[in-house]
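Please read the structure below before turning to the comments.
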Amino acid sequence: MKLQKPRGTRDFFPDEMQKRRYVEGIMRKLTERWGYEEIKTPTFESTELFTIKSGEGIIEEIYAFKDKGGRDISLRPELTAPVMRMYVNKMQMTSKPIKLYYFDNCFRYERPQKGRFREFWQFGVEIIGGKSPDADCEVIALASSILDALNIKARLHIGHLGVIRSILKDFDINVQNDIFRLLDKKDESGIKKTLDGFSNSEKADTLIEIINLSGNDSIKAARDLIGDDVSLRELDKIVELLSIYCVDPKIDFEIARGLDYYNSVVFEIYSDELGAQNQICGGGSYQLAGLFGGKDIVSTGFAFGFDRTLEVCNVNLPPRIKVVVAATDDARAQAIKTTLKLRKYVPTYFDLMQKGLKSQLSFANSIGASHAVIIGKNELLENKVTLKVLGTQKQELVDLKECIRRITGMD
RNA sequence: GCCGGGGUGGGGUAGACUGGUUAUCCUGCAGGACUGUGGAUCCUACGACUCGGGUUCGAAUCCCGGCUCCGGCCCCA
């Protein structure tokens with residue numbers, strides 16, 4: 001009976017890791033250029049951190065357990081709450097805005113399917129204390145810029161929860177949240193039914209018209225339906241500012257995040273190249289600090305689903321330089337010294353299995369090495385090495401300095 | 001939690017409908033032919049029926065269940 005990895009987890013092979021690291025590197029580099037600094041929070045937190053944010057029901061989808069001291073602990077299902085916890089604990093006095101980013105694994109106890117795993121990675125940013133529309137637009141523009149850098153074709157949708165909240169402002173918050181849930185499902189008859197219960201079917205019609213708006217005039221059309229609203233004016237500003245960033249979003253009032261602390265700009269990015277789980281990024285403006293016992297402050301951020309992003313990105317990995325030092329028996333000592341020198345510059349392999357020269361070269365070929373450096377009696381006598389470029393027939397006797405120069409491409 | 005389709009050496013597969021001797025082929029890995037030159041060739045070795053139960057004289061094959069993978073539903077902070 002074999003041991004298997006737990007359900008919904010994955011092993012990553014070297015080729016995959018190379019791609020993951022490469023894409024991660026692009027995201028990090030870009031984000032740092034935009035002035036964000038990396039932070040890291042614990043892999044597990046108090047369960048309470050997540051239930052405060054999302055309600056007790058969320059426990060069903062969390063890896064929650066009691067530790068040996070009887071504490072309620074959870075593997076983090078996302079990173080916004082931990083980041084805000086950290087902010088409330090230690091960073092409230094830091095000058096604003098605070099711009100942070102993270103890249104880490106998260107865990108959710110859900111049924112795995114395409115694009116959904118029990119352990120998955122998120123890359124995200126948070127701006128704490130940035131004001132609308134500037135902060136919102138910056139994170140949206142950064143997300144868009146990341147898509148460009150990864151050569152991803154995707155759809156950016158922006159909405160504003162204030163629009164729907166203002167239509168529903170006379171209703172109890174629980175009713176509002178029910179409606180948001182139905183909106184998310186696009187369940188129009190459910191919306192009608194719920195609002196009819198409050199003899200308010202004309203509001204249901206308005207809602208349904210609003211969420212079905214699309215195209216460039218959506219904001220104007222919404223204004224015709226509900227009159228001028230502060231949320232619509234905010235959206236106007238967002239669109240105007242984003243155009244300076246050369247970002248062209250689709251206005252979509254259907255985006256619903258049915259949690260109290262989301263109350264204004266929200267956005268989601270979808271790819272058509274995925275299956276049912278087609279969202280690769282989500283974000284928006286939120287207020288969580290107060291919930292966590294801090295002074296309330298407006299924040300905004302996004303999180304990319306790293307695994308899904310990886311599925312749809314189109315990047316060309318840089319060619320890998322790998323050098324194998326191959327030696328005859330009587331030259332092994334010198335070969336090890338040469339290997340050490342090469343390792344100051346490039347990944348270098350040396351035989352660990354007492355293989356013959358032929359077999360060492362065969363190994364070089366099978367691991368896809370770019371160069372082989374051969375050392376035997378002749379090379380020892382001349383104090384030089386034979387540099388062989390694999391994939392071609394070329395080889396040449398050169399001194400070590402020249403050899404390094406050629407491999408690294410330095411002049 | 002629900003629906004559907006899968007699981008045969010490390011990877012990819014044939015065999016199943018129609019149960020029957022030693023489970024097919026490719027690849028891989030290890031060693032050798034071959035201790036100064038890679039990709040080729042040849043030889044040798046290694047290595048599998050997802051797990052449990054049932055039907056049967058006999059199960060990789062038929063039936064039931066578990067686990068798990070894939071796709072979808074639900075959910076998606």
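Just so it is clear, the model here is predicted, and its values are computed rather than measured. Hydrogens, waters and symmetry mates play no part in the numbers below; they use all other heavy atoms, side chains included. Just so we're on the same page: letters track the sequence lines, and every chain starts at 1.
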What does [X] touch in the nucleic acid at a heavy-atom separation under 4.0 angstrom: a base, only the sugar-phosphate, or nothing?
| X | answer |
| --- | --- |
| A/Ser362 | sugar-phosphate |
| A/Glu379 | base |
| A/Gly275 | sugar-phosphate |
| A/Ala276 | sugar-phosphate |
| A/Glu60 | nothing |
| A/Lys114 | sugar-phosphate |
| A/Gly391 | base |
| A/Gly115 | nothing |
| A/Thr392 | base |
| A/Gln122 | nothing |

Flag, side chain of [X] to backbone of [Y], donor-acceptor distance under 3.5 Å:
| X | Y | result |
| --- | --- | --- |
| A/Thr31 | A/Met27 | yes |
| A/Arg71 | A/Ser46 | no |
| A/Glu138 | A/Asp134 | no |
| A/Ser370 | A/Lys322 | yes |

Distance between the [atom1] atoms of [N] and [M], in whole angstroms?
| N | M | atom1 | value |
| --- | --- | --- | --- |
| B/rG9 | B/rA30 | C1' | 15 Å |
| B/rA60 | B/rU24 | C1' | 13 Å |
| B/rU50 | B/rG32 | C1' | 36 Å |

> Looking at A/Trp34, A/Phe123, A/Tyr36, A/Phe302, which one forms a ring-ring contact (aromatic ring centres under 6.0 Å, His included) with A/Tyr101?
Replying inline: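 So, applying the ring-ring contact (aromatic ring centres under 6.0 Å, His included) to A/Tyr101 and each of A/Trp34, A/Phe123, A/Tyr36, A/Phe302, only A/Phe123 qualifies.
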
>> I'd like to know if A/Glu110 and A/Arg116 make a salt bridge, using a cut-off of under 4.0 Å between side-chain N and carboxylate O.
In response: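 A salt bridge links A/Glu110 with A/Arg116.
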
Between the base of [N] and the side chain of [X], is one N or O donor paired with an acceptor at under 3.5 angstrom?
| X | N | result |
| --- | --- | --- |
| A/Gln395 | B/rU37 | yes |
| A/Glu78 | B/rC76 | no |
| A/Arg111 | B/rC76 | no |

>> Starting the side chain at C-beta, find the nucleotide from B/rC76, B/rG38, B/rA77 nearest to A/Gln277.
In response: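 So the side chain of A/Gln277 is nearest to B/rC76.
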
> Using a distance-only test with no angle check, is there a side-chain donor-acceptor pair under 3.5 angstrom linking A/Tyr286 and A/Glu126?
Replying inline: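 Side-chain D/A pair, A/Tyr286 to A/Glu126: present.
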
> Just the dot-bracket of RNA chain B, please: which string comes out with Watson-Crick or G-U pairs under 3.5 Å, [ ] for crossing, | for another strand?
Replying inline: (((((((..(((.......[....)))(.((((.......)))).)...(((((..]....))))))))))))....

